[in-house]
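Worksheet: one structure, shown below.
All values below were derived from every heavy atom in this structure, side-chain atoms included, with hydrogens, water molecules and symmetry-related copies excluded. Just so it is clear: chains get the letters A, B, ... in the order the sequence lines come, proteins before strands, and each one is counted from 1.
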2 protein chains.
Amino acid sequence: MPNLKDVAKKAGLSINTVSRVLNNRGYISEKTREKVYRVMKEMNYQPNEMARALFRKRSNMIGLIIPTISHPFFAELTYYLEYYADHKGYKLLLCNSNRNVSKEVEYIEMLKKNQVDAIIMGSAVLDVQHYLHLDLPIVSFDRVISEDIPVVTSNNLEGGKLAARLLINKGCLHPVFIFRGIDGPQHRSMLAGQRRQGYEAEVESAGMEPLQLQLDAEGSKHIENNAAIIAYFQEHPEIDGVFASSDVIAAEVIHACYLLKKDIPSEIKIVGYDDVQIASLISPRLSTVRQPIQEMSDSIIQLVVKQIEGKEVSMVNTFPVTLVERGTT
Amino acid sequence: MPNLKDVAKKAGLSINTVSRVLNNRGYISEKTREKVYRVMKEMNYQPNEMARALFRKRSNMIGLIIPTISHPFFAELTYYLEYYADHKGYKLLLCNSNRNVSKEVEYIEMLKKNQVDAIIMGSAVLDVQHYLHLDLPIVSFDRVISEDIPVVTSNNLEGGKLAARLLINKGCLHPVFIFRGIDGPQHRSMLAGQRRQGYEAEVESAGMEPLQLQLDAEGSKHIENNAAIIAYFQEHPEIDGVFASSDVIAAEVIHACYLLKKDIPSEIKIVGYDDVQIASLISPRLSTVRQPIQEMSDSIIQLVVKQIEGKEVSMVNTFPVTLVERGTT
DNA sequence: CCCTTTATATCAACCGGTTGATACAAAACC
DNA sequence: GGTTTTGTATCAACCGGTTGATATAAAGGG
């Protein structure tokens with residue numbers, strides 16, 4: 001690969017002059033400029049962005065840490081994050097933490113060593129202290145890390161209420177909230193926990209008992225979840241409505257119903273959360289609480305860029321959710 | 001952020017000595033070594049990997065270009081690619097091309113400027129010529145770019161045959177192959193086209209006509225696909241089996257059957273391709289041709305690393321597929 | 001005790017760029 | 001024509017590291 005020196009030599013100029021052409025700095029004659037461009041094209045010269053980054057102390061890279069890209073929600077989120085990052089001239093470094101604490105620590109260190117300009121945390125199992133001396137712009141997703149780290153989230157409380165209200169309005173008398181361990185009460189700071197709270201509030205105010213079923217956090221194997229859901233349905237045959245904390249869990253619930261030959265929506269109604277592709281792909285199509293993933297991604301990137309540019313940002317960025325009624329209610 | 005100079009000053013040593021400790025080069029006394037480590041810990045020093053990369057001409061970054069991370073297949077592939085890359089000390093730079101030619105060109109240039117050590121092409125709509133003067137290790141996925149660029153793929157021909165044979169064995173008399181435009185005959189070099197060929201060969205040898213339905217390449221909107229599938233089923237009521245070129249398409253077919261109240265598997269049988277999460281999430285669970293995504297990802301990373309290290313690699317790497325029979329056949 | 005090893009630390013050049021200060025020439029002004 | 005202004009190109013230092021060559025001191029050998 002040719003470098004500036006090669007270009008300069010071939011053009012009969014000094015390195016700095018060529019660099020000046022590249023950066024549009026100082027006075028350069030048209031003749032010189034054209035010659036430089038010509039030679040660059042001839043040699044197929046590409047500036048070394050690493051060298052530039054080193055000098056400028058700006059890599060234009062953003063580290064993205066999520067539990068796993070194979071989850072549809074994070075896949076869609078990441079798609080849009082990459083889209084908006086690219087628009088602003090940033091590249092995305094992908095990290096799957098699997099919600100593993102030590103992996104998260106390692107990735108944060110790695111990203112810092114690699115001079116990313118900012119980190120987007122979509123997985124956050126670490127304590128605040130780890131972030132204090134990080135000295136790097138961060139945007140958190142769906143979890144409050146600390147008061148001075150901006151967070152982007154959907155209105156989970158409202159989402160929980162919407163889902164509960166829909167089930168109630170459709171005549172459910174015994175709805176249950178089904179969630180993964182990670183989304184549960186033990187992780188208070190996890191904003192997704194508010195889905196549960198919204199659901200509880202609404203169900204209680206309708207004079208019903210807010211039932212819950214917690215699936216094993218690690219048991220992402222469908223079989224285990226499936227067994228747990230089926231067992232729960234058999235123990236509680238009165239259940240006639242489900243609010244699942246994600247569309248993927250809702251799909252598992254639907255499958256359990258299929259196996260138990262419970263008809264949807266006549267015998268049991270189901271509401272998911274997220275509105276990812278799978279929601280409109282399964283049969284019947286899933287009623288769900290829609291998070292505006294694209295807008296949220298846009299916001300995340302904007303917050304990242306603003307912070308990098310040293311501007312003020314708002315700390316809590318909550319996006320409205322909307323109810324999407326389809327075939328399961 | 002402290003740098004080597006700061007560490008050296010605080011430890012009362014020269015920069016180079018400290019660098020030697022970091023790199024385990026030359027003779028260093030235990031005392032010196034310990035002192036350096038202590039000071040580094042005290043200052044929370046992290047070496048600047050960009051500077052190291054600049055000198056070593058090795059960024060330890062791999063560029064990944066795929067159509068879109070939001071497709072479940074690429075999401076799972078990417079999950080494992082990141083996993084194995086991380087194991088070998090490489091980071092992944094994510095690029096969604098949307099199968100857009102100019103995007104692909106831009107991304108390739110960007111990756112080159114950013115000094116990635118190699119590129120994994122999961123999207124490849126470009127001509128060979130673009131890759132010729134790239135002068136960078138490449139591994140292609142599911143598409144032969146040129147003779148000297150290694151490719152990793154599943155045995156698509158065999159997969160097509162397996163699927164067709166399953167449908168035939170289960171008694172289908174009028175099976176149809178449904179695929180997206182991009183996977184079709186016009187892209188001969190696309191190995192996924194071989195799924196069709198395998199299917200055709202098997203169906204013909206059973207004395208039946210190999211029917212086909214091509215969905216709009218761009219119409220990734222479910223609605224359009226759905227309408228197309230439903231229309232096809234209404235025009236061809238004799239259809240009693242479907243081989244879909246991906247699990248996502250199979251899900252769309254299942255949904256069309258749900259709307260048309262065609263019972264699966266009694267009235268119509270369906271086989272997908274990939275065996276991604278969604279296959280075991282939909283109801284009934286999808287029979288499909290399984291690609292060994294994890295092993296393929298491992299192989300891709302191995303090919304990448306070998307090439308970076310200047311070793312010889314095999315050009316064609318075909319992985320066996322297996323039939324996974326579930327509820328749709 | 002001198003000479004060779006062996007251990008330890010430093011000098012200086014380099015990776016591929018950027019940029020403030022500066023030299024030099026040509027054009028513009030009075 | 002001398003002086004200022006403006007245009008053009010170069011010098012040298014820097015970003016944060018790495019490394020071959022070299023200097024210096026301590027230990028070992030005869």
Flag, side chain of S97(A) to backbone of K103(A), donor-acceptor distance under 3.5 Å: no
Residue whose nearest DNA chain C nucleotide is more 5′ - T17(B) or L54(B): T17(B)
Integer-rounded Å distance: dG7(D) P and N24(A) CG: 15 Å
Whole-Å distance separating the CE atom of M43(A) from the P atom of dG16(C): 13 Å
Heavy-atom donor-acceptor pair, N16(B) side-chain to dT18(D) base, under 3.5 Å: no
Distance test, side-chain N/O of R52(B) to OP1/OP2 of dT18(D), below 4.0 Å: yes
dT18(D) phosphate, OP1 or OP2, under 4.0 Å from R56(B) side-chain N/O: yes
Phosphate-side-chain proximity, Y45(A) and dG16(C), N/O vs OP1/OP2 below 4.0 Å: no
Gap between atoms CG and P, on L13(B) and dT8(C) respectively (whole Å): 12 Å
Distance in angstrom units between E49(A) CD and dC15(C) C1', rounded: 16 Å
Q307(B) (side chain) donor-acceptor with V313(B) (main chain) under 3.5 angstrom: no
Gap between atoms CZ and P, on F55(B) and dG17(C) respectively (whole Å): 16 Å
Interatomic distance where CZ belongs to R58(A) and P belongs to dG16(C) [whole Å]: 24 Å
Among dT19(D), dC15(D), dG16(C), the one nearest K57(B) by side-chain distance: dG16(C)
Pairwise 5' ranking along DNA chain C for T32(B) and A51(A), keeping only the more 5' one: T32(B)
Side-chain H-bond candidate by donor/acceptor type, D298(B) with Q294(B), under 3.5 Å: no
Side-chain donor/acceptor contact of R33(B) with base of dT8(C) under 3.5 Å: no
Value in whole Å for how far the P atom of dT8(C) lies from CD1 of I15(B): 21 Å
Candidate nucleotides dA9(D), dT18(D), dT19(C), ranked by approach to the side chain of S19(B) - the nearest: dT18(D)
Pair of N/O donor and acceptor under 3.5 Å linking dG20(C) base with R20(A) side chain: yes
Integer-rounded Å distance: dA9(D) C1' and K35(A) NZ: 13 Å
Donor-acceptor pair, side chain of D117(B) and main chain of N60(B), under 3.5 angstrom: yes
H87(B) and Y83(B) aromatic ring geometry - parallel, tilted or perpendicular at 30°/60° bounds: tilted
Side-chain N or O of N48(B) closer than 4.0 Å to phosphate OP1/OP2 of dG17(D): no
